[in-house]
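In what follows, a structure is listed as structure tokens, so that the remarks can point back to it.
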Amino acid sequence: MAYASIAKLDNFTGEENDAQIWLNDIEKAITANGWNDDTANSWYQSLVNKPQNFNAFKAEFLKYFSNNNSINYLVNTFTTMKQRKTEAVTTYLGHFHRNLRQIQAIDDDYFTAPQILNQFIHGLCSSILQHVHPLHPGMLQDAVTHTRNFESAESEANHAQAINLVMNRLSELDSKLEKFSKLINKRLEGYLADNHIIYQPPQ
């Protein structure tokens, strides 16, 4: 962003300028020109390891405020994110909060609480969305709770369904084995009768 300049700054040569006076003049110029950007200041204050020279500062600054971290890019990523069909709610929620924090680090008031809630709900996969939306949760935490409850119930239902499927398959196999056993016995009895063999089971 370009700023209109009101106060002028002299170049610092290190020879003719007093360092403290020059820094004071810079602070005055920043205030007079309205260059005191809260976003950049918040970013700098949040740095755990402060840059030790200008090149390091420039690299960190561009890294954070590059196109990939611009507010428009972040907002677009946030508002278009969707939970994948096989993605766990915890994973989706983690991505959701991470994207939201990136936006709030630049502008904490960009989204209202109802907008955040609406985005979370409509980003859910269709099967969960159809369950959560009719409940009309009033807060994000309520929506998260409903979502997790549904996922848990769905997981238990799928588990029960899987168990029933296995039991049914075992029952089918048992029935087939019984029929096969009867067929073998019948053929064995026929063979023994045809050959006049008297079968005596072992003692």
Side-chain angles (χ1 to χ4, degrees), residues 48 63-64 66-108 110-203:
V48 176
K63 180 181 178 181
Y64 188 83
S66 64
N67 289 336
N68 283 349
N69 286 299
S70 69
I71 190 70
N72 291 334
Y73 174 87
L74 294 173
V75 168
N76 182 66
T77 300
F78 181 70
T79 56
T80 57
M81 69 176 298
K82 296 289 184 181
Q83 179 191 16
R84 297 187 299 274
K85 187 176 181 179
T86 58
E87 185 177 37
V89 170
T90 300
T91 303
Y92 168 68
L93 186 61
H95 293 159
F96 181 86
H97 280 311
R98 185 188 64 216
N99 291 341
L100 179 59
R101 283 195 300 269
Q102 289 178 320
I103 296 171
Q104 291 176 331
I106 299 174
D107 185 350
D108 190 46
Y110 194 94
F111 288 114
T112 63
Q115 288 174 324
I116 294 172
L117 170 62
N118 184 69
Q119 179 56 44
F120 173 79
I121 293 176
H122 286 88
L124 294 168
C125 65
S126 58
S127 61
I128 300 180
L129 173 62
Q130 293 172 4
H131 170 79
V132 174
H133 188 266
L135 298 177
H136 302 294
M139 299 177 64
L140 178 61
Q141 188 55 50
D142 295 334
V144 171
T145 299
H146 290 318
T147 300
R148 284 178 166 161
N149 288 343
F150 177 78
E151 182 183 53
S152 178
E154 188 176 45
S155 177
E156 291 178 3
N158 290 339
H159 183 66
Q161 185 178 16
I163 292 177
N164 288 334
L165 180 62
V166 171
M167 295 301 294
N168 289 336
R169 289 293 296 159
L170 288 174
S171 178
E172 291 175 5
L173 288 173
D174 186 61
S175 177
K176 289 180 179 179
L177 285 173
E178 184 178 0
K179 290 179 180 178
F180 181 72
S181 178
K182 289 180 178 179
L183 177 62
I184 293 297
N185 287 335
K186 184 176 181 180
R187 289 185 176 181
L188 179 59
E189 290 173 358
Y191 173 81
L192 294 175
D194 292 341
N195 292 276
H196 308 289
I197 299 173
I198 298 176
Y199 173 72
Q200 294 182 349
Q203 299 298 323

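Just so we're clear, the structure is a prediction, and the values are computed from it rather than from any experiment. No hydrogens, no waters, no symmetry mates; every other heavy atom, side chains included, goes into these values.
Separating the OG1 atom in Thr79 from the CZ atom in Phe111 is a distance of 6.0 Å, to the nearest 0.5 Å. Note that the CG atom of Asp142 and the NE2 atom of His146 stand 5.5 Å from one another [nearest 0.5 Å]. Distance NZ/Lys82 to SG/Cys125: 10.5 Å, rounded to 0.5 Å. To the nearest 0.5 Å, atom CG of residue Leu135 and atom OG1 of residue Thr145 are 11.5 Å apart. Distance CG/Leu124 to NE2/His133: 10.5 Å, rounded to 0.5 Å. In this structure, Phe120 CZ and Met139 CE are separated by 13.5 Å, a value rounded to the nearest 0.5 Å.
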Asn99/Leu74 under side chain to side chain contact (heavy atoms under 4.5 Å, CB included): CA gap, chis, key distance, verdict: CA-CA 7 Å; Asn99 291 341; Leu74 294 173; over 6 Å; no
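The two residues Leu117 and Ala143 come nearest to each other via the heavy atoms CD1-CB, 3.7 Å. Ala88 approaches Glu151 most closely through the heavy-atom pair CA-OE2, 3.4 Å. The two residues Ile128 and Val89 make their nearest non-hydrogen contact at CD1-CG2, 4.0 Å.
Results of the side-chain contact (heavy atoms from CB on, under 4.5 Å) test with Leu93 over Val144, Thr147, Leu140 single out Val144 as the only residue that passes.
For the pair His95 and Gln83, the minimum side-chain heavy-atom distance is 4.5 Å or more. Side-chain contact between Phe78 and Gln102 is absent, with no heavy-atom pair separated by less than 4.5 Å. Under the 4.5 Å side-chain criterion, counting only non-hydrogen atoms from C-beta, Gln115 is not in contact with Gln119.
With sequence neighbours excluded, no residue satisfies salt bridge (charged side-chain N to carboxylate O under 4.0 Å, His left out) with Lys176.
With a 6.0 Å radius and a threshold of 12 heavy atoms from other residues, nucleotides or ligands, Arg98 has its CZ atom above the threshold.
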